[in-house]
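What follows is a single structure, written as structure tokens, with notes after it.
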Amino acid sequence: MRTENTIKTLLENSPDGTITARQITESGMHRSILQKLVKDGELYRYGRGLYIRSDIWEDDIHLLQCRYGRGIYSHDTALYLLGYSDRTPAKYTMTFPKGYNAPSLKQENIIVKRVVPDNYALGIIEIKSPCGNPIKIYNLERTLCDIVRGSGSDIQIVNGAMKRYAASKEKDIHKLMKYAEQLRVKPKILHYMEVLL
């Protein structure tokens, strides 16, 4: 009975309906209880060590980040989540620090980008996913630098985002230029801003 109450408490205290194998172990229970709950249909296994209540709406964006905690939403995905692109990404793009290697990343339907550790934390913010759960994402200035830097971004998306940014009252040109210098894309960013401003 104590086990059922503990699990009930853990799930009630989880706003997104997730529970991890680590939480079960830290609560003094055996992980086999998770298999029983999956078998009974109360939970389902989302990924290694991550379980979700069967009766909640699945938030893929949030759950993917729970599974890969070092992944930060970036590039086209960040533009979409920040409202600067109306094109829903076919695959989510996440940026990881160089050296981070999770073998299961290859099986996921995501585009993986890697950056040097000095640039990894630059511009990370927390926003709400479309389902209302917290996710980590790069801010707009960092995202603009990322999309002009790399290949793979649709030129129409880049141009549209740059035009909206230039017309925005919230733009921070000083921050954009600082990021552009650190990420070595200052000439490209300057070119866009000279044309648009």
Side-chain angles (χ1 to χ4, degrees), residues 1-115 117 120-140 142-143 146:
M1 197 65 169
R2 191 188 81 77
T3 301
E4 285 177 22
N5 288 340
T6 305
I7 294 214
K8 191 176 176 189
T9 304
L10 285 172
L11 287 169
E12 283 172 358
N13 291 334
S14 170
D16 59 0
T18 62
I19 190 168
T20 64
R22 175 186 275 175
Q23 287 174 297
I24 294 296
T25 304
E26 287 172 355
S27 298
M29 293 178 282
H30 195 273
R31 290 182 181 198
S32 62
I33 190 72
L34 290 166
Q35 278 86 33
K36 181 188 178 313
L37 291 167
V38 168
K39 191 177 169 191
D40 293 347
E42 291 181 49
L43 297 177
Y44 78 93
R45 186 175 184 260
Y46 181 79
R48 187 170 180 241
L50 182 60
Y51 297 81
I52 305 160
R53 275 192 1 229
S54 299
D55 62 342
I56 66 151
W57 186 263
E58 192 176 306
D59 182 353
D60 280 339
I61 293 174
H62 173 68
L63 293 172
L64 200 56
Q65 201 164 58
C66 286
R67 189 162 182 201
Y68 302 104
R70 303 286 307 275
I72 309 298
Y73 286 107
S74 61
H75 296 76
D76 296 5
T77 304
L79 273 186
Y80 171 74
L81 292 169
L82 291 166
Y84 271 71
S85 170
D86 54 5
R87 200 178 297 177
T88 307
K91 286 183 167 188
Y92 297 129
T93 304
M94 294 181 98
T95 296
F96 295 87
K98 265 195 173 121
Y100 176 85
N101 192 16
S104 57
L105 267 177
K106 290 182 179 78
Q107 283 106 39
E108 294 292 348
N109 192 26
I110 60 175
I111 299 166
V112 175
K113 303 284 185 180
R114 298 189 194 282
V115 293
Y120 170 71
L122 184 70
I124 295 175
I125 59 171
E126 191 174 281
I127 66 167
K128 298 268 187 223
S129 73
C131 292
N133 292 307
I135 54 170
K136 285 184 272 178
I137 183 175
Y138 284 120
N139 67 19
L140 187 55
R142 165 66 188 259
T143 299
D146 284 342

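Throughout, numbering of the chain's residues begins at 1 and tracks the sequence.
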Q: Calculate, to the nearest 0.5 Å, the distance between atoms OG1 and CD belonging to T20 and E26 respectively.
A: 7.0 Å
**Q.** 4.5 Å side-chain heavy-atom contact, L81 and I61
**A.** yes
Q) Is atom CZ of R22 surrounded by more than 12 heavy atoms (other residues, nucleotides or ligands) closer than 6.0 Å? A) no
(Q) As an exercise, state the distance from OH of Y92 to CD1 of I111, rounded to the nearest 0.5 Å. (A) 12.0 Å
Q.
Assess the residue pair N13 and Q23 against the criterion (side chain to side chain contact (heavy atoms under 4.5 Å, CB included)); give the C-alpha distance rounded to whole Å, side-chain angles, the decisive distance to 0.1 Å, and a yes or no.
A. CA-CA 12 Å; N13 291 334; Q23 287 174 297; over 6 Å; no
Q.
Using 0.5 Å steps for rounding, measure from the CE atom of M29 to the CD1 atom of I24.
A. 4.0 Å
(Q) Is it the case that over 12 heavy atoms from other parts of the model lie below 6.0 angstrom from the OH atom of Y80? (A) no
**Q.** Heavy-atom pair with the smallest gap, counting every atom of I135 and H62
**A.** CG2-CA, 3.8 Å
Q: Before giving the answer on side chain to side chain contact (heavy atoms under 4.5 Å, CB included), spell out for Y46 and L64 the whole-Å C-alpha distance, their side-chain angles and the decisive distance to 0.1 Å.
A: CA-CA 9 Å; Y46 181 79; L64 200 56; 4.2 Å; yes
Q | Euclidean distance, I19 CD1 relative to S27 OG, rounded to 0.5 Å | A | 7.5 Å
Q. About how many Å separate OG of S32 and CG of L37, when rounded to the nearest 0.5 Å?
A. 10.0 Å
Q. So Y51 and Q35, side chain to side chain contact (heavy atoms under 4.5 Å, CB included) or not? Walk me through it.
A. CA-CA 10 Å; Y51 297 81; Q35 278 86 33; 3.9 Å; yes
Q) Is the number of heavy atoms from other residues, nucleotides or ligands within 6.0 Å of CG (D86) greater than 12? A) no
Q. Where the side chain of S85 meets the backbone of R87, is there a donor-acceptor pair that is under 3.5 Å apart?
A. yes
Q | R114 (side chain) donor-acceptor with Y100 (main chain) under 3.5 angstrom | A | yes
Q) Do R142 and I72 come close enough that some side-chain heavy atom pair is under 4.5 Å? A) no
Show me the donor-acceptor pairs, under 3.5 Å and distance only, between side chains in residues 122-129 and residues at least two apart or in other chains.
| unit_1 | atom_1 | unit_2 | atom_2 | d |
| --- | --- | --- | --- | --- |
| S129 | OG | D59 | OD2 | 2.5 |
| S129 | OG | C131 | N | 3.3 |
| S129 | OG | G132 | N | 3.4 |
| S129 | OG | N133 | N | 3.1 |
| S129 | OG | N133 | O | 3.4 |

(Q) Minimum heavy-atom separation for Y68 and M94, please, with both atom names. (A) O-CE, 4.2 Å
Q | Pairwise distance CG(L10) to OG1(T18) - rounded to 0.5 angstrom | A | 10.5 Å
Q. Looking only at heavy atoms, which two atoms of L82 and Y138 are closest? And how far apart?
A. CD1-O, 3.6 Å
Q: Locate the shortest heavy-atom distance separating T143 from H75; write the atom from each residue and the value.
A: CG2-O, 3.5 Å
(Q) Looking at every non-hydrogen atom in both residues, tell me the closest pair between A21 and L34 and how far apart they are. (A) CA-CD1, 3.8 Å
Q) Closest approach of G71 and Y120, non-hydrogen atoms and distance? A) N-OH, 4.4 Å
Q: Start with the C-alpha gap between E108 and R67, add the side-chain angles, then the distance that decides, and say whether side chain to side chain contact (heavy atoms under 4.5 Å, CB included) holds.
A: CA-CA 11 Å; E108 294 292 348; R67 189 162 182 201; 2.5 Å; yes
